[in-house]
Amino acid sequence: MKRTPKLSLLNQPHSNLQAHTEFIHRLQNSQDLKAAAKTHSNIFKSGLSNHTFTANHLLNAYLRFNKTTDARKLFDEMPETNVVSWTALMAGYIDVGEPREALRLFGRMAEARIQANEFTLATAINACSLLADLETGRKIHTRVETLGLSSNLVISSALIDMYGKSNDVDNARQVFNHMICRNVISWTSMISAYAQNAQGDYALGLFRELIYENSLALAPTQFTFASVINACASLGRLVAGKALHLAVIRRCHVVNDVVASALVDMYAKCGCIDYSDKVFRQILQPTVIPFTSMIVGAAKHGLGKHSLHLFDEMLARGIRPNDVTLLGVLYACSHSGLIDIGLYHFNSMQLKHGIAPDARHYTCLIDMLGRAGHLDEAYKLSTENVPLGAVDAALMWGTLLSACRNHGRLELAVKAGKRLIELNQQVASTYVTMSNMYASIGRWENAQGIRSEMKRRGVRKEPGCSWVELRNSTYVFYAGDLSSCTHGSEIAQLLRDLEVRMKERGYVGGSSGLVFVDVEEEAKQGVVGVHSERLALGFGLINIPKGVTIRVMKNLRMCGDCHEAFKLISEIIGRDFVVRDVNRFHHFRDGSCTCGDYW
DNA sequence: GGTTGACTTT
C-alpha cells in the first residue's frame with residue numbers, strides 16, 4: 001500500500017513534484033469515478049488544479065469513465081489549456097459517440113490560439129470518418145499536407161479509414177500508395193475500405209499482398225481477418241472464407257467475437273447455415289451482433305422459426321436487441337409467412353425494446369404484408385406519415401410495387417409506380433414492371449405507351465444479372481440471356497423445369513425469385529407483353545445432368561426456403577441429387593437428406 | 001498527458 005502524502009506537505013515547493021507524481025499515479029489507477037473525483041478534490045485543495053499538466057491527467061481520468069460533462073466543466077474552468085487538453089477532450093467526445101462536438105472543438109482551437117498537432121489532426125480525421133463527412137475530411141487532409149505531415153503513419157491510416165467510410169475508395173488508395181512506411185493498421189484500413197465499398201475482390205487481393213510481405217511486424221490481426229472474412233461473405237467465396245477460418249484458428253489463440261460474427265455471417269451468406277450455427281455456439285458470451293448475424297442468417301435460409309427462437313434466447317439472456325436485430329426478426333417473419341408474429345414484433349418494438357421503427361422496418365413490414373397478399377394493408381402502411389428521404393421512400397414504394405406485380409394488383413401498382421417516378425428513383429425498373437403488368441393482362445396500348453415514354457425520356461434498363469461459381473471461375477447470367485454462358489442451354493432447361501414445378505406448387509414470384517425479362521430483350525423479339533421468366537436457384541453445389549457442377553449463389557430469398565428448392569431440384573434431377581460443399585455433402589433421397597463428411 | 005483498423009441492415 002502506498003503512502004498518501006499529507007496535504008500540508010504540498011505547500012512546500014520541494015514537495016510539488018512528488019505531489020504531482022502521486023496525484024497523477026492515483027488518477028491513472030483510479031478504478032472508479034468516485035476515486036477519481038476524490039483525487040480531484042485533493043488536487044483542487046492543494047492548488048495544483050491550475051497546473052495544466054495535472055489538470056490534463058484529471059481530464060483524462062474523467063474521460064476514461066466517459067464523463068464528458070465533468071471533463072468539459074473542468075476544461076472550461078482551466079486557466080490555461082494546451083493542445084493535449086483539446087485533443088483529449090475531442091477524443092473523449094468521439095468515444096461517447098459525439099464526433100460532431102469533437103469537430104466543433106477542433107474548429108474553435110484557432111480562436112483559442114492553440115495549434116493543432118498530429119495527434120489532434122488524427123483525432124479530427126477520426127471524427128470525420130465516423131460522420132462520413134468527406135468535405136471536412138478533405139479540408140483536414142489539405143491542412144495535413146500544408147503542415148508537412150503527409151508521411152505521418154497514424155494520420156495516413158486515419159485518412160484511409162476516413163476516405164473508405166465516406167465511400168471514396170480511390171482517395172483512400174492514393175493515401176495508401178503514397179505512404180513511405182505502413183503498419184498492419186494501414187493495411188487493414190485499406191482492406192476494410194475495399195470490403196466496405198463492395199470491392200471485395202480488391203480486399204482479397206490486398207490481403208494476399210499483405211501475406212506475401214511475409215513480415216512478422218505485418219502479421220494480420222483479428223481486425224484484418226474480420227475485414228477479409230467480410231469481403232468473402234459479400235462475394236460468396238466459401239472456399240476462401242474457410243481458408244481464412246482456418247488461418248484465424250491457427251494464428252490466433254482465441255477467435256474474438258467480432259471475427260466470430262464475421263464468420264457466422266460469411267457461412268450464412270455462402271449457404272452453410274450449419275457452420276454459422278457451429279461458430280455461433282462456440283462464442284462464449286455472444287453479444288447483440290453475433291445474435292443478429294445468426295438471426296438474419298437463419299431468416300435468409302427460410303428458417304424463420306429458428307430466428308424467432310434465437311431472438312427469444314437473446315432476450316432471455318438479457319441482451320438488448322438493436323434496430324438491426326428487429327429488422328432481422330421482421331425479415332424472418334416476412335420470409336417465413338409468420339404475419340401475425342411479425343405484426344406483433346413490429347407493434348411492440350417501441351414499447352418493449354425502446355426502438356422506434358424507421359423506414360427499413362416499415363419497408364420490411366410492407367414486404368411481409370405484400371408477400372402474403374395483404375396489399376391494401378401494405379398500401380395503407382405506405383401512406384402513413386413516416387418522414388422518409390428519397391432513397392428510403394423509393395425502397396418502400398419499390399417493395400410495394402413488387403408485391404403488386406406478384407399479385408397482379410394493377411391499380412395499386414400504378415400508385416406505387418407513380419410515386420417512384422415522381423421521386424426519380426428506380427425509374428427504369430418501374431417502367432419495365434409497369435409495362436409488363438399491363439402486357440400480362442393484355443393492355444398492350446398501355447404497355448406500348450410506357451415503352452414509348454421510356455424512349456422519349458431516354459431511360460434505359462440495365463439488364464439484371466446473377467452469377468455462379470464453377471470451381472474457381474465465375475459465370476455471369478444476364479436476365480433473359482443464358483446463351484452466352486457455357487452449358488447455358490442445360491441450365492436454361494433446368495430453370496424452366498424448376499419454374500414449372502414451382503408454379504405447380506403455387507409459388508408466386510418474390511422480389512428476387514422470378515425476374516421479368518428486361519424490356520429491351522422483349523423489343524429484340526418484337527413482341528411486347530410476352531414475358532419469359534427466369535428462375536434463380538437457391539445456393540449450394542448442385543450436380544446437374546451431364547456432370548456439370550454449378551454453384552448458385554444469388555437470390556437466396558426464392559420462396560423463402562432453400563430446402564424447398566433442393567427438394568424440387570431432387571425431383572427434377574432424379575433421386576441422386578447431391579449438394580456439396582468443401583467438407584460435407586447432403587444427399588437428398590425421397591425428400592429426406594443424408595449428410596456426411598468427406599474427411 | 002492526447003492519435004489510426006473489425007462484425008449484423010430492409
Side-chain angles (χ1 to χ4, degrees), chain A residues 20 24 27-28 52-61 63 82-92 94 116-127 129 149 152-162 164-165 182-193 195-196 220-230 233 256-266 268-269 283 286-297 299-300 321-328 330-331 334-335 357-368 391-392 395-396 398-399 511 557:
Chain A
H20 273 295
I24 286 164
L27 283 169
Q28 284 175 333
T52 307
F53 190 85
T54 315
N56 281 346
H57 271 286
L58 190 53
L59 199 63
N60 277 318
L63 293 171
N82 63 14
V83 64
V84 177
S85 342
W86 286 75
T87 310
L89 191 58
M90 279 168 65
I94 289 174
N117 64 12
E118 66 263 41
F119 288 81
T120 329
L121 290 165
T123 309
I125 295 164
N126 189 15
S129 182
L149 290 167
N152 181 283
L153 177 66
V154 177
I155 288 183
S156 299
S157 303
L159 281 170
I160 292 169
D161 182 58
M162 183 278 292
K165 298 257 166 52
R182 303 180 185 120
N183 63 8
V184 68
I185 298 180
S186 13
W187 281 86
T188 305
S189 300
M190 193 60 232
I191 290 169
S192 320
Q196 289 159 355
T221 63
Q222 308 240 26
F223 285 82
T224 325
F225 283 118
S227 298
V228 200
I229 292 165
N230 183 25
N256 81 12
D257 284 9
V258 177
V259 175
S261 299
L263 285 168
V264 167
D265 180 54
M266 184 275 293
K269 284 184 178 152
I283 305 173
T287 59
V288 62
I289 293 177
F291 259 110
T292 305
S293 287
M294 200 59 227
I295 288 168
V296 173
K300 284 188 173 171
N322 63 24
D323 51 339
V324 186
T325 320
L326 262 303
L327 206 53
L330 294 177
Y331 185 96
S334 166
H335 289 258
D358 63 25
R360 299 163 304 167
H361 302 97
Y362 271 92
T363 302
C364 205
L365 200 70
I366 288 164
D367 186 48
M368 181 178 85
V391 175
D392 287 340
L395 274 172
M396 191 185 76
T399 302
S511 59
R557 294 178 213 162

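Order of the sequence lines fixes the chain letters, A, B, ..., with proteins taken first and strands second; residue numbering starts at 1 for each chain. When reading the values below, keep in mind they use all heavy atoms of this one structure, side chains included, and skip hydrogens, waters and symmetry mates.
Between A/H57 atom NE2 and B/dG2 atom P the separation is 7 Å, expressed in whole Å. In this structure, A/I191 atom CD1 and B/dA6 atom C1' are separated by 11 Å, rounded to whole Å. Note: CD (A/Q196) to P (B/dT9) measures 13 Å, nearest angstrom. Per the geometry, CZ belonging to A/R360 stands 14 Å off P belonging to B/dT8, to the nearest Å. A/R182 places its CZ atom 21 Å from the P atom of B/dT4, with the value rounded to the nearest Å. Following rounding to the nearest Å, A/D265 (CG) and B/dT9 (C1') show an atom-to-atom distance of 10 Å. In this structure, CE of A/M90 is placed 11 Å from P of B/dT3, rounded to the nearest angstrom. The distance between atom CG of A/N117 and atom C1' of B/dG2, rounded to the nearest whole Å, is 8 Å.
For A/T123, there are no side chain to side chain donor-acceptor pair (under 3.5 Å) partners, not counting sequence neighbours. Shown here are the salt bridge (charged side-chain N to carboxylate O under 4.0 Å, His left out) partners of A/R182, two or more places apart in sequence or in another chain: there are none.
Within 4.0 Å (heavy atoms only), A/T221 reaches at least one base atom of the nucleic acid.
Checking B/dG5, B/dT10, B/dC7 against the side-chain heavy atoms of A/N126 singles out B/dG5 as nearest. Side-chain proximity of A/K269 to B/dT10, B/dG2, B/dT8: nearest is B/dT8. Closest to the side chain of A/L327, from the set B/dG2, B/dT3, B/dT9, is B/dT9. Of the candidate nucleotides B/dT10, B/dC7, B/dT8, B/dC7 has the atom nearest to the side chain of A/S261. Listed candidates were B/dT8, B/dT4, B/dG5. Nearest to the side chain of A/V184 is B/dG5. You'll find that the side chain of A/S227 is closest to B/dA6, out of B/dA6, B/dT4, B/dT3. When distances run from any side-chain atom of A/V154 to the nucleotides B/dT3, B/dC7, B/dA6, the shortest one goes to B/dT3.
Taking the six-membered ring for Trp and thresholds of 30 and 60 degrees, A/H57 and A/F53 have ring planes more than 60 degrees apart, a perpendicular arrangement.
The closest side-chain donor-acceptor pair between A/S227 and A/N230, if any, does not fall under 3.5 angstrom.
When atom types are taken as modelled, the side chain of A/T399 and the backbone of A/L395 share a donor-acceptor pair closer than 3.5 angstrom.
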